[in-house]
2 protein chains.
Amino acid sequence: MVYKHKDIAEKLIDRHIKPSFHRIKVLEYLMANRTHPTAEQIFACLKKELPTLSKATVYNTLKLFVEAKLAREITIEDKEIRYDYTIENHGHFKCESCGTIFDFKINVDDCITEELDDFVIKDKNVYFKGICPRCFSNT
Amino acid sequence: MVYKHKDIAEKLIDRHIKPSFHRIKVLEYLMANRTHPTAEQIFACLKKELPTLSKATVYNTLKLFVEAKLAREITIEDKEIRYDYTIENHGHFKCESCGTIFDFKINVDDCITEELDDFVIKDKNVYFKGICPRCFSNT
DNA sequence: ATATAAATCTATAATCAATACAATATAGCA
DNA sequence: TGCTATATTGTATTGATTATAGATTTATAT
């Protein structure tokens, strides 16, 4: 899928973020690459197209997006944080063999107990680990 | 609750881990302190009692425990990994204001879709973020 | 017991994602 | 045009974790 810069800029403006060129490019990357990339991967890929891009800008931009709920941080394990364009109601499965992160549908609201009634829940994450079908059949 | 070293040693032997003195002390700490400590915190606390203790030993021991399913890694966010003595069917809620991590009961199995039928699931984690009642009432 | 091998542990150096910071560039506006 | 705030760059620093090599302890056999 190809996204128009104007549409991406509007998403940023909606969240009260000034649509600078670099911010548009980072968000475009997140929307086009639903591969749960790390900040490093985003930087390495965009650097080819934008030679002046700085790593600090990528980190700053991603932090802005997370605060604005445009993106989510995935911290299944490892030291590396991964980023995900926001979609509701899905969990992440990380294959311990090939490292791929898969999305799957889940609605955690169905199994929350009243224990959390007095808590303000802002973010819900479900992380599974194991072996994906492809790796499992290769054993 | 106080645990006998002999009982802790048996838990280790059950998981095919040799019950060295330091390993017993680390497991004892995890069982007695259900506060989701970091490796640093465990090290700092045990160091008082065991002056020769090395940080590397704490990391090695925790890694052993995680592999043996005696402990779980909690990676809600931050760079710091936290450790939790294994208990089934509970999620973690991190307060964005005070940083405390709370346990709550949840049974994710109830809301898993058939999407994951072909995946071997070895570990399930549920992480919530938000504001705890105490911090909320202080605003 | 003593020797030998295996495991555990220590201490320190290295790694590397993430952050902090100071300097520069750009955009918005009177 | 100049002024101010924001955005970006480039580099230095941080800090949790890992790697490593050597020392110590434990287990086993002779």
Side-chain angles (χ1 to χ4, degrees), chain A residues 5 8-9 12-13 15-29 36-68 70-84 99 101, chain B residues 5 8-9 12-13 15-29 36-68 70-84 99 101:
Chain A
H5 278 201
I8 296 171
L12 290 170
I13 293 165
R15 308 293 174 116
H16 311 291
I17 295 173
K18 286 198 185 167
S20 77
F21 186 60
H22 287 171
R23 288 170 179 170
I24 289 174
K25 296 302 284 184
V26 171
L27 186 51
E28 182 184 33
Y29 184 91
H36 318 95
T38 63
E40 291 290 328
Q41 285 167 342
I42 297 168
F43 170 73
C45 188
L46 291 179
K47 182 81 177 173
K48 291 174 200 158
E49 201 185 333
L50 314 167
T52 74
L53 183 68
S54 162
K55 209 173 278 190
T57 301
V58 174
Y59 278 101
N60 291 340
T61 303
L62 289 170
K63 181 166 282 185
L64 261 182
F65 288 0
V66 170
E67 279 164 11
L70 272 169
R72 301 176 72 182
E73 292 186 341
I74 306 176
T75 50
I76 289 193
E77 58 175 358
D78 301 326
K79 277 184 284 189
E80 290 181 334
I81 298 176
R82 294 172 175 278
Y83 292 89
D84 194 14
I101 295 175
Chain B
H5 279 200
I8 298 171
L12 290 169
I13 293 166
R15 308 293 173 115
H16 311 291
I17 296 173
K18 287 197 185 168
S20 77
F21 185 60
H22 287 170
R23 286 171 181 169
I24 289 173
K25 295 304 283 182
V26 172
L27 186 52
E28 182 184 32
Y29 184 91
H36 318 96
T38 63
E40 291 289 329
Q41 287 167 341
I42 298 168
F43 170 72
C45 188
L46 291 180
K47 182 80 177 177
K48 292 176 201 157
E49 200 185 336
L50 314 166
T52 72
L53 183 68
S54 163
K55 208 174 279 192
T57 299
V58 174
Y59 277 101
N60 291 339
T61 302
L62 289 170
K63 182 166 281 185
L64 261 182
F65 288 179
V66 170
E67 280 165 11
L70 273 170
R72 300 175 74 183
E73 292 185 341
I74 306 176
T75 51
I76 289 193
E77 58 175 358
D78 302 326
K79 279 184 284 187
E80 289 182 335
I81 298 175
R82 293 171 176 279
Y83 292 88
D84 195 13
I101 296 175

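Below, chains carry the letters A, B, ... as their sequence lines are ordered, and counting in each starts from 1. Note that the structure is predicted; figures quoted are calculated from it, not measured.
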NA contact type, Thr57(B), heavy-atom cut-off 4.0 Å: base, sugar-phosphate, or nothing? base

Closest to the Arg23(B) side chain: dT10(C), dA7(D), dT8(C)? dT8(C)

Distance, nearest 0.5 Å, that separates NZ of Lys55(A) from OG1 of Thr57(A): 12.0 Å

Rounded to whole Å, NZ of Lys47(A) lies from C1' of dT8(D) at a distance of 12 Å

Report yes if a side-chain nitrogen or oxygen of Lys18(B) is closer than 4.0 Å to either non-bridging phosphate oxygen (OP1 or OP2) of dT8(C); otherwise report no. yes

Would you mind reading off the distance between Glu73(A) atom CD and dA17(C) atom C1', rounded to a whole angstrom? 13 Å

Give Lys55(A) one of three labels, base, sugar-phosphate or nothing, depending on what nucleic acid heavy atoms sit under 4.0 Å from its own. nothing

Of Asn60(A) and Glu40(A), whose nearest nucleotide on DNA chain C comes first from the 5' end? Glu40(A)

Short side-chain to backbone donor-acceptor contact, Arg82(A) and Ile74(A), under 3.5 Å: no

Taking Thr75(B) for its side chain and Thr75(A) for its backbone only, find out whether a donor-acceptor pair lies under 3.5 Å. yes

If you look at every strand shown and take non-hydrogen atoms under 4.0 Å, does Thr38(A) touch a base, only sugar-phosphate, or nothing? nothing

Tell me the interatomic distance from Glu80(A), atom CD, to dA16(D), atom P, rounded to whole angstroms. 18 Å

What integer distance in Å separates Leu12(A):CG from dA7(D):P? 11 Å

Among dA18(C), dT10(C), dT9(D), which nucleotide has an atom closest to any side-chain atom of Tyr59(A)? dA18(C)

Distance check needed: dT9(D) C1' versus Phe43(A) CZ, whole Å only. 10 Å

OP1 or OP2 of dC9(C) sitting under 4.0 Å from any side-chain N/O of Ser54(B)? no

Side-chain N or O of His22(A) closer than 4.0 Å to phosphate OP1/OP2 of dT26(C): no

Nearest whole Å is fine: how far is dA7(D) P from Ile17(A) CD1? 9 Å

Look only at the side chain of Glu49(A) and the backbone of Leu46(A), and say whether a donor-acceptor pair between them is shorter than 3.5 Å. no

Whole-Å distance separating the CZ atom of Phe21(B) from the C1' atom of dT25(D): 14 Å

Does the side chain of Lys63(B) get closer than 4.0 angstrom to OP1 or OP2 of dT18(D) through an N or O atom? yes

Separation between CG (Leu27(A)) and CG (Leu70(A)), nearest 0.5 Å, reads 6.0 Å

So, is Ser20(B) close to the dT8(C) phosphate, meaning a side-chain N or O under 4.0 Å from OP1 or OP2? no

